[in-house]
Each structure stands twice: as C-alpha cells, then as structure tokens.
Amino acid sequence: MNVSLTVWLLTVAGLCVLVAADFFIGRKPHDVSIREAGIWTAVWVVLACLFGLGLLAAAGGAPAGEFFAGYITEKSLSVDNLFVFVLIMAKFAVPSQYQQRVLMVGVIVALVLRAAFIAAGAAIISAFSWVFYIFGAFLIWTAWKLVQDARKGGHDEEYEENKLLKSIEHRFGVAERYHGTKLWIEENGKRVMTPMLVVMLAIGSTDVLFALDSIPAIYGLTQDPYIVFTANAFALMGLRQLYFLIGGLLKKLVHLSYGLSIILGFIGVKLVLHALHESGVHVPEISIPFSLGFIVLVLAVTTVTSLVAARKQEERDV
C-alpha cells in the first residue's frame, strides 16, 4: 500500500492512545481475574478485527488478508512467548499483584524494539531482494529447532538471564526485595534498581530473541511495513491480558511448538519460492488466502490435539 506520512502518524498516535488507556485502566496493582482478562482479551481482538475491516474497506481484500494472516501468525507466536514469561515471573518471584504492571511495561519495551526491527527489515528488503533466501532458510531452521526443543521439553527449563541483563545488574546494582512498583530506590546512599525494573528489562529484552523469528515470518506474508507494524502492535498489545487468561492452560498446549514449527516452516518455504520467483525462476507462489487458511487450520488442529493429549495424560495420572 502507498501509506502517507499522515496515516502513519495517525496510526501511531491512535496506538499510543490505546496503550495509554490500557495503562490507565490497569495502573493500580491488583490480582487480575479470569473475567477481567477475558473481557480485555476480547476487546483487543475486536479492535484488531475492526482495524482489519477498515483496511478491507479502504484498501481492498489483499491488504486486509495480509493483515489478518500476519496478526494470527504473530498472535500464535506470542502465545509461545508466554511460556518464557511464566519462567521469568517464577525466576524473579514477582508478586501476583505486580505481574500485570511488569507485563505492561515489558510489552511497551517490546513494541519499541519491534518497530526498530521492522524498520531495519524493510530497509534490507528494499535494498537486497536476495535476503528472502536468508529469511526463508532461517525460518526453516527455526522450525526444526522448535521441534527439537519440544521433544526435549524446552519449556520446562529454568529461565537464565542474558549477558546484557547481567551486565546492567552489575553496573547499577539491584535491591534485595520489591518496593511496590518503584523502579529505583536509594540504598546505602546509592541509587539502585529494584527487582521490578530488572524483570521488566528481562521481558523486554527477551522479546528481541522472539522478534528474530516473528519479523521474518510476517515479512513472508507481506512486504508492507505498515501492515507488518500494525499486525505486530495489535498482537503484542493484548499479550498482557492473554497471559492471565490462558496462564493455567499453557501446560495443556503440549503440541503448540509443533504447530508453530509447521507454520514457520511453511512461511519459510513461501519465502524461498518468492525469492526464486523474484530471481526469474518460474515457480508457483503461495497466495495469501491459502496461507491464511493453512495457518488457521494448523492452529485449530494443534489446539484440539493438545487438549485431547492433555486430557489423556490427566486420566493416566489419576
């Protein structure tokens, strides 16, 4: 699409308003109920659907189809991210009433980082068309790695802080306990970080690793930076509520990694075919309607088989 600077600015301003409203509503630390999480998860999904329908009315079926395919893909990948968020919360022993504040700020950090990745991806793609080969190969490799991690029970591992986070902790120091929602405190005459800030940085920085596969994946569905950005934004902004809604169900989604590996592998193949086509090789290209249907089908089958497998395991345990 030919998106003007005005539309970009209005979109970013609108998203900032939504984020500010979300922050204002959840500003008071409290335990999030399933009902509250369910309502706000539905609100974010409806907003994403309305935006997609707006694209349909303004730009036609192709951009709208790309948005929905990208949104569903990013949303499903973000569910896998929640496994790591659970590990981070456990690692830092975050009190339940503060978890939504941690996720809120972590998601905002993730949005900023994703925007930088998206801009870099758009610049690389416009300059080097052969980068689709690299993106495609990387996604196929990631799909294979997901399968291997699933077989090893990768989500059962303990979260380990990355080197960057450790260096920041060493540089500024960390308080021994939480001090409400404060991020910095004075301790022994020195300004130090609280565990609240550390866990926020952990979630935000961890999303950089998630972006390494999610950004190439969505560029495999659309090369429009506007659609890539908005699909990522809507997928991430409802992540906090989704965490509380399906937190107890995450362990039952035992086949999720397999489903995501199929989706990433499929998009990787789609990218390679697109790169070959751009190079003048006569190969079939996979359409957006087919991609959207395939992604939805894989997620549906994965969810059903996961719940069936989880129920059988519970029956055996009894």
Side-chain angles (χ1 to χ4, degrees), residues 1 3 8 11-12 15 48 51-52 55 63 65-85 106-146 149 162 164 203-239 242 256-257 259-275 278 286 288 291-292 295 299:
M1 296 189 303
V3 181
W8 267 105
T11 301
V12 172
L15 292 174
F51 181 84
L55 277 180
E66 291 175 359
F67 171 79
F68 282 116
Y71 171 72
I72 293 172
T73 299
E74 294 298 314
K75 199 70 173 178
S76 58
L77 288 171
S78 70
V79 172
D80 196 46
N81 300 354
L82 294 182
F83 283 101
V84 181
F85 290 174
V107 166
I108 292 174
V109 172
L111 274 172
V112 175
L113 294 174
R114 290 283 181 103
F117 270 86
I118 291 167
I124 293 172
I125 288 171
S126 64
F128 311 104
S129 60
W130 48 262
V131 77
F132 286 116
Y133 289 111
I134 298 176
F135 281 2
F138 178 75
L139 289 180
I140 293 171
W141 176 81
T142 303
W144 172 251
K145 189 173 182 298
L146 265 178
D149 289 344
N162 55 60
L164 175 60
I203 287 180
S205 60
T206 299
D207 189 75
V208 174
L209 300 177
F210 296 143
L212 291 178
D213 53 43
S214 66
I215 299 302
I218 193 170
Y219 268 118
L221 298 169
T222 176
Q223 282 81 60
D224 192 315
Y226 182 78
I227 296 177
V228 172
F229 174 72
T230 51
N232 265 275
F234 278 107
L236 282 175
M237 286 194 298
L239 192 58
L242 196 61
L256 179 62
S257 291
L260 293 178
S261 68
I262 293 172
I263 291 172
L264 291 177
F266 167 77
I267 297 176
V269 171
K270 184 178 185 299
L271 276 171
V272 172
L273 290 176
H274 177 74
E278 291 293 309
I286 302 173
I288 287 298
S291 299
L292 180 57
I295 292 168
L299 290 175

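All values derive from a computational prediction rather than experimental measurement. We use all heavy atoms of the structure for the numbers below, so side chains are in, but hydrogens, waters and symmetry mates are not. Just so you know, residue 1 is the first one in the sequence shown, and it goes up from there.
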Item to check | Approximate separation, where rounding is to 0.5 Å, of Lys75 NZ and Asn232 CG | outcome: 11.0 Å

Checklist entry - Rounded to the nearest 0.5 Å, how far does CD1 of Ile286 lie from CG of Leu271? => result 9.5 Å

Item to check | Spacing of CE belonging to Met237 relative to CG belonging to Leu15, to within rounding of 0.5 Å | outcome: 4.5 Å

Checklist entry - Which heavy atom in Gly52 sits nearest to a heavy atom in Phe68, and how many Å separate them? => result CA-CZ, 3.6 Å

Checklist entry - With sequence neighbours excluded, what pairs up with Trp141 under the side-chain contact (heavy atoms from CB on, under 4.5 Å) test? => result Phe138, Lys145

Checklist entry - To the nearest 0.5 Å, what is the distance between CZ (Phe67) and OG1 (Thr230)? => result 5.0 Å

Next on the checklist: Checking Leu221 against Ile295 for the side chain to side chain contact (heavy atoms under 4.5 Å, CB included) test, could you report, in this order, the C-alpha distance in whole Å, the side-chain angles of both residues, the deciding distance, and whether it holds?
Outcome noted: CA-CA 11 Å; Leu221 298 169; Ile295 292 168; 4.2 Å; yes

Checklist entry - Can you list the residues that meet the salt bridge (Lys or Arg N to Asp or Glu O under 4.0 Å) rule with Glu74, with sequence neighbours excluded? => result Arg114

Checklist entry - Ignoring hydrogens and geometry, is there a side-chain-to-backbone donor-acceptor pair from Tyr219 to Ile118 under 3.5 Å? => result yes

Checklist entry - Got Leu264 and Leu77 here, is their nearest side-chain heavy-atom distance under 4.5 Å? => result yes

Next on the checklist: Show the nearest heavy-atom pair for residues Lys270 and Gly220, with the distance to one decimal.
Outcome noted: NZ-O, 3.0 Å

Checklist outcome for this item: Taken to the nearest 0.5 Å, the spacing of Phe229 CZ from Phe117 CZ works out to 15.0 Å

Checklist entry - Got Thr73 and Ile218 here, is their nearest side-chain heavy-atom distance under 4.5 Å? => result no

Next on the checklist: Please determine whether the number of non-hydrogen atoms from other residues, nucleotides or ligands lying under 6.0 Å from atom CH2 of Trp144 exceeds 12.
Outcome noted: no

Item to check | Step-by-step side chain to side chain contact (heavy atoms under 4.5 Å, CB included) determination, Phe51 to Tyr71 | outcome: CA-CA 11 Å; Phe51 181 84; Tyr71 171 72; over 6 Å; no

Next on the checklist: Once rounded to the nearest 0.5 Å, what's the spacing between atom CG of Leu239 and atom CZ of Phe234?
Outcome noted: 15.0 Å

Next on the checklist: Looking at every non-hydrogen atom in both residues, tell me the closest pair between Pro225 and Ala122 and how far apart they are.
Outcome noted: CG-CB, 3.7 Å

